[in-house]
Amino acid sequence: MKRMYNGLTIIMFLFILLAGCSTNEQNVKASKKVEITVSAAASLQDSLNEIKGLYEKQHSNIKINYNFGASGTLAQQISQGAPVDIFFSAAEDKFDQLVQKGIIEKADSMNLVGNSLVLVVPTKEKQTIHTLNDLSKVDKISIGTPEAVPAGMYAKESFEYLQLWEGLEKKVVYAKDVRQVLNYVETGNVDAGMVYKTDALTSKKIKIIATADEKTHTPIIYPIGMLKESSHLKETKQFYKYLQSDASMKVFKKYGFKGLN
């Protein structure tokens with residue numbers, strides 16, 4: 001009888017031990033956050049960081065990681081196999097390259113927001129420039145490298161349309177992205193710069209002098225899409241949808257972006 005009692009005690013102990021292990025395993029799985037990586041144009045940094053805070057507050061099991069940079073550079077990284085779930089570009093051509101390669105499914109992509117291109121100068125400098133046509137007066141102007149930075153490509157298109165490029169080309173200081181252009185202007189390293197309106201609105205050290213007429217450059221459209229090889233398709237799709245929501249659009253507009261619908 002005593003042996004039977006001891007045997008039952010051992011069995012019950014093992015059962016409790018196994019149940020405890022199972023519970024711990026479930027708790028570990030529940031506490032492990034799903035990480036979503038978004039490669040996005042540098043000009044989206046402020047708006048996306050605010051959206052991240054809103055989304056993670058509602059989804060405690062999700063962690064959003066951003067990789068900000070020039071759209072061309074980001075597209076190249078993705079083409080070379082960078083582990084990314086969502087690509088948010090500042091130019092359609094860079095984005096379309098990934099669709100054509102089959103990295104992004106056309107059905108899982110869309111044009112989400114728009115932007116404007118503006119001419120900025122340091123706030124403290126005496127104003128001698130009033131329009132883009134006055135740029136002949138400057139010694140140095142900064143734009144993003146046109147081959148990699150969409151804002152730089154749009155700036156060059158505007159200068160060419162206005163027949164200013166030939167006179168400005170030798171005065172241009174190229175930058176790796178729009179934030180670097182902004183920094184060059186803020187610090188007085190250049191006399192002027194071409195950046196997105198959204199970036200210009202984030203700085204008190206610069207002022208907007210003029211806005212490039214939309215007819216002088218390719219439409220500034222920001223496409224977004226999910227990568228086929230996303231490690232967490234369900235969670236990625238949820239965040240992708242959230243970026244299209246009214247709550248997200250309200251944030252984008254707060255930072256100067258334009259809705260396309």
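- Once rounded to the nearest 0.5 Å, the distance linking CG of Leu243 with CD1 of Ile86 reads 6.0 Å.
- His232 pairs by the side-chain hydrogen bond (donor to acceptor under 3.5 Å, both in side chains) definition with nothing, not counting sequence neighbours.
- When hydrophobic residues (I, L, V, M, F, W, Y) are linked wherever their side-chain heavy atoms come within less than 4.5 Å, the members clustered with Ile104 are Leu74, Ile78, Val84, Phe87, Phe95, Leu98, Val99, Ile103, Leu227.
- Smallest separation of non-hydrogen atoms from Leu260 and Gly114: CD2-N, 3.8 Å.
- For the side-chain hydrogen bond (donor to acceptor under 3.5 Å, both in side chains) condition, no pair includes a residue of residues 134-148, sequence neighbours left out.
- The CG atom of Asp213 sits 12.5 Å away from the OG1 atom of Thr131 when rounded to the nearest 0.5 Å.
- Residues that satisfy the side-chain hydrogen bond (donor to acceptor under 3.5 Å, both in side chains) test with Tyr255, not counting sequence neighbours, are Glu50.
- Using a 4.5 Å cut-off on side-chain heavy atoms (C-beta onward), Val121 and Val138 make no contact.
- Interatomic distance, Ser71 OG to Met153 CE, rounded to the nearest 0.5 Å: 9.0 Å.
- Taking the ring-ring contact (aromatic ring centres under 6.0 Å, His included) definition, one finds that Tyr184 meets it with nothing, sequence neighbours left out.
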Compile the donor-acceptor pairs under 3.5 Å between side chains in residues 37-48 and protein atoms, sequence neighbours left out, one pair per line.
from	atom 1	to	atom 2	distance (Å)
Ser39	OG	Asn67	ND2	3.4
Ser43	OG	Tyr222	OH	2.8
Asp46	OD2	Arg179	NH2	2.6
Ser47	OG	Leu44	O	3.0

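- Looking at heavy atoms from C-beta onward, Glu157 lies in side-chain contact with Thr218 at the 4.5 angstrom threshold.
- For Ser231, the side-chain contact (heavy atoms from CB on, under 4.5 Å) criterion is met by no residue, not counting sequence neighbours.
- Nearest approach of Gly193 to Val181, heavy atoms of both residues: CA-CG1, 4.1 Å.
- The shortest distance between side-chain heavy atoms of Met194 and Leu117 falls below 4.5 Å.
- With sequence neighbours left out, the side-chain contact (heavy atoms from CB on, under 4.5 Å) criterion links Tyr242 to Ile51, Leu54, Tyr55, Gln58, Phe239, Ser245, Ala247, Ser248.
- Hydrophobic clustering (side-chain heavy atoms under 4.5 Å, transitive across Ile, Leu, Val, Met, Phe, Trp, Tyr) keeps Val118 apart from Ile221.
- Val185 places none of its side-chain heavy atoms less than 4.5 Å from the side chain of Lys205.
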What's the verdict on side chain to side chain contact (heavy atoms under 4.5 Å, CB included) for Ile129 and Leu119, showing C-alpha distance, side-chain angles and the deciding distance? CA-CA 9 Å; Ile129 308 168; Leu119 173 65; 3.8 Å; yes
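- Counting only heavy atoms from C-beta outward, the side chains of Glu166 and Phe159 never approach each other to under 4.5 Å.
- Looking only at side-chain heavy atoms (C-beta outward), Tyr196 and Tyr154 come within less than 4.5 Å of each other.
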Apply side chain to side chain contact (heavy atoms under 4.5 Å, CB included) to Lys254 and Lys250, showing your working. CA-CA 6 Å; Lys254 170 185 169 182; Lys250 187 176 179 181; 6.0 Å; no
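- Annotation for Gln244: atom CD counts as buried by contact number, over 12 foreign heavy atoms lying within 6.0 Å.
- Among all heavy-atom pairs drawn from Gln180 and Lys176, the shortest one is OE1-N, 2.7 Å.
- Residue Lys207 qualifies as enclosed at atom NZ: its count of foreign heavy atoms under 6.0 Å is above 12.
- A side-chain donor-acceptor contact under 3.5 Å links Glu186 and Ser203.
- For the atom pair NZ (Lys171) and CD1 (Ile143), the distance works out to 14.0 Å, reported to the nearest 0.5 Å.
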Could you please spell out the steps behind the side chain to side chain contact (heavy atoms under 4.5 Å, CB included) verdict for Glu229 and Asp85? CA-CA 7 Å; Glu229 298 300 317; Asp85 299 297; over 6 Å; no
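- Using a 3.5 Å distance cut-off with no hydrogens or angles, the side chains of Ser116 and Thr211 do not pair a donor with an acceptor.
- Residues Lys156 and Val172 have side chains not in contact (no heavy-atom distance under 4.5 Å, counting atoms from C-beta outward).
- Gln76 places no side-chain N or O within donor-acceptor distance of the main-chain N or O of Gly72, the cut-off being under 3.5 Å.
- The salt bridge (Lys or Arg N to Asp or Glu O under 4.0 Å) search around Glu105 returns Lys228, not counting sequence neighbours.
- Atom CD1 of residue Ile64 and atom NE2 of residue His59 lie 9.0 Å apart, to the nearest 0.5 angstrom.
- No path of Ile, Leu, Val, Met, Phe, Trp and Tyr side chains, each step under 4.5 Å between heavy atoms, connects Val195 with Leu168, placing them in separate hydrophobic clusters.
- The side-chain heavy atoms of Ile209 and Val120, taken from C-beta on, include no pair separated by under 4.5 Å.
- Atom NZ of Lys237 has 12 or fewer neighbouring heavy atoms from other residues, nucleotides or ligands inside a 6.0 Å radius.
- Summarising the geometry of Thr202 relative to Leu182, their closest heavy-atom pair is OG1-CD2, 3.9 Å, with the distance given to 0.1 Å.
- Lys234 pairs by the side-chain contact (heavy atoms from CB on, under 4.5 Å) definition with Gln238, not counting sequence neighbours.
- Residues that satisfy the side-chain contact (heavy atoms from CB on, under 4.5 Å) test with Glu214, not counting sequence neighbours, are Lys258.
- Of all the heavy atoms in Gly256 and Thr198, the pair that sits closest is C-CG2, 3.5 Å.
- A donor-acceptor pair under 3.5 Å is absent between the side-chain atoms of Thr216 and the main chain of Ser158, judged by distance alone.
- Applying the side-chain hydrogen bond (donor to acceptor under 3.5 Å, both in side chains) criterion to Ser79, with sequence neighbours excluded, gives Lys101.
- Taking each heavy atom of Tyr174 and Pro146 in turn, the nearest pair found is CE2-CD, 3.6 Å.
- To the nearest 0.5 angstrom, Lys94 atom NZ is 7.5 Å from Ser89 atom OG.
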Please report the C-alpha distance between Val34 and Lys63 in whole Å, then the side-chain angles of each, then the deciding distance to 0.1 Å, and finally whether the side chain to side chain contact (heavy atoms under 4.5 Å, CB included) criterion is met. CA-CA 6 Å; Val34 173; Lys63 178 175 171 56; over 6 Å; no
